[in-house]
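Just so you know, ligand 1 is whichever comes first in the structure, and atom 1 is the first atom listed for that ligand. Numbering starts at 1 and runs along the sequence shown.
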Amino acid sequence: MLIPNMYYADLKDSYLFYHIAQKTNAYLKNHPDKHLYRMGIGDVSLPLCDAVIRALHEAVDDQANKSTFHGYMPECGASFLRETIADYYASKGVTVSADEVFVSSGASDELGDLLDLFDRKNTALVIEPAYPAYVDANVMAGRKMIHVSSGIENGFLPMPDDRLKAEILYICSPNNPTGAVFDKQKLQAWVDFANKNGSVILFDAAYEAFIEDETLPHSIFSLKGAKTCAIEICSLSKTAGFTGTRLGYTVIPKELVRNGMNLNEMWVRNRTTKTNGVSYIIQKGAAAVFTPEGQKQIKDNIQIYKNNARVLMEALDSIGIWYCGGKNAPYIWMKCPNHMGSWEFFDWLLEEIQVVGTPGEGFGACGEGYFRFSTFGSPEDTKEAARRLVALLKTTK
Ligand code: PLP
């Protein structure tokens with residue numbers, strides 16, 4: 001009889017978004033006339049920018065003609081896109097070569113697939129609160145995990161500690177869900193820790209485009225020694241509205257070697273075995289993101305989300321609520337008032353002001369007592385949600 005991967009039985013129910021949907025649906029059933037202000041969504045609300053749409057249309061037309069038609073694409077990515085992305089890194093002062101850039105169908109896919117590079121006997125370290133996929137992908141692989149808690153005392157940016165024994169280190173900066181961003185000095189400490197211990201950092205930079213404080217690192221490769229200990233995973237999902245179009249990229253430096261094995265070469269072997277490349281049309285659309293026109297247009301869209309963040313931050317400031325994030329990330333992580341639990345706060349906001357956010361407890365036990373707002377909603381809804389939040393929270397002071 002076939003034996004399935006029994007580690008799936010160790011997965012905890014991913015109840016967070018299911019539970020939120022259940023509660024909001026039940027509320028709407030009882031109050032069909034009410035509008036909900038959805039500040040919980042991690043999905044974008046603005047469409048693809050014009051430069052991308054034009055490139056996508058042109059690429060579709062290319063596929064209609066024998067002379068411009070493309071069949072299978074190179075497994076690791078089209079060279080036009082790999083080179084464009086390497087140039088984008090250069091514009092940020094980071095040198096990576098095109099063959100260190102791998103085009104993917106998105107960061108989620110890649111975060112799961114990359115685990116193929118590591119032995120199951122390794123231990124993975126996850127800083128919590130965390131994006132839930134890190135934990136589940138390792139549970140599925142039967143890997144031991146260390147959960148490092150973070151909190152207000154360290155600004156949700158914990159530092160490495162020699163007692164932590166793990167070979168795979170997840171770092172997400174700007175962070176989902178807390179919006180906290182590692183500065184160069186703190187991130188350097190993790191890089192040095194990884195090099196000292198022979199670990200590998202999986203650096204999730206899905207939100208790098210939201211950094212506005214230019215002293216903060218967009219890429220881990222702007223730090224000394226990162227090329228011998230890090231893999232960077234990026235995505236156009238939030239940067240350029242590609243959540244439904246799907247494109248990401250990953251940088252694996254050629255200097256990254258463990259136990260005599262070169263991880264860049266291993267990944268080439270993995271991709272050439274397990275994929276047949278990302279669609280030509282989508283890669284053409286993605287390349288348009290990096291043109292001057294595309295960069296201007298995506299920045300205009302990001303600015304709309306940033307204005308939402310500003311509206312929410314001003315609201316929380318006006319009533320003296322502690323939060324982090326928002327300035328360099330599309331998430332705001334607030335402390336629930338009056339020692340409320342995060343689900344209790346969720347229910348209260350839904351019932352009283354029809355504002356829906358995400359309870360922090362869903363991102364790990366240390367998220368209890370906190371609440372995440374996403375800034376990807378519409379400006380109108382965000383303004384009204386902020387107004388309602390202030391009016392409600394004022395009554396509790
Ligand atoms: N990493 C983080 C931290 C995210 O928040 C998300 C999506 O919300 C992803 C990765 C997945 O991105 P993608 O849409 O490219 O799969």
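Protein heavy atom closest to atom 12 (O) of ligand 1, with residue, atom name and distance, is Ala107 CB, 3.7 Å. Looking from atom 9 (C) of ligand 1 to the surrounding protein, the closest heavy atom is Tyr131 OH, 3.3 Å. Among all non-hydrogen protein atoms, the one lying nearest atom 5 (O) of ligand 1 is Tyr207 OH, 2.6 Å. Atom 8 (O) of ligand 1 has its closest protein heavy atom at Lys238 NZ, 2.8 Å.
Interface atoms of ligand 1 facing Gly106, defined by a heavy-atom separation under 4.0 Å, are 15 (O), 16 (O). In summary, the atoms of ligand 1 found under 4.0 Å from a heavy atom of Arg246, numbered by their order in the structure, are 13 (P), 14 (O), 15 (O), 16 (O). Counting atoms of ligand 1 from 1 in the listed order, those under 4.0 Å from a heavy atom of Asn176 are 3 (C), 4 (C), 5 (O).
A centroid separation of 6.0 Å or more is found between the aromatic rings of Tyr331 and Tyr323.
Between the side chains of Ser173 and Asn175, no donor-acceptor pair of N or O atoms lies under 3.5 Å. Defined by atom type and a distance below 3.5 Å, a donor-acceptor pair is present between the side-chain atoms of Asp213 and Thr215. If you check the side chains of Asn301 and Gln297, you find no donor sitting under 3.5 Å from an acceptor.
Between Phe371 and Lys335 there is no side-chain heavy-atom pair separated by less than 4.5 Å.
In this structure, of Ser374, Gly244, Ser235, the residue bringing a heavy atom nearest to atom 15 (O) of ligand 1 is Ser235.
Of the candidates Arg388, Arg38, His35, Arg388 is the only one forming a side-chain contact (heavy atoms from CB on, under 4.5 Å) with Gln354.
Using a 4.0 Å heavy-atom cutoff, Cys172 is listed among the residues neighbouring ligand 1. Contact annotation: Asp204 has at least one heavy atom less than 4.0 Å from an atom of ligand 1. The shortest heavy-atom distance from Phe242 to ligand 1 is not under 4.0 Å.
With a heavy-atom cut-off of 4.0 Å, Ser237 touches ligand 1 through its side chain alone.
Remark: the backbone N or O of Ala21 is paired with a side-chain donor or acceptor of Asn25 at under 3.5 angstrom. Between the side chain of Lys284 and the main chain of Leu81, no donor-acceptor pair closer than 3.5 Å is present.
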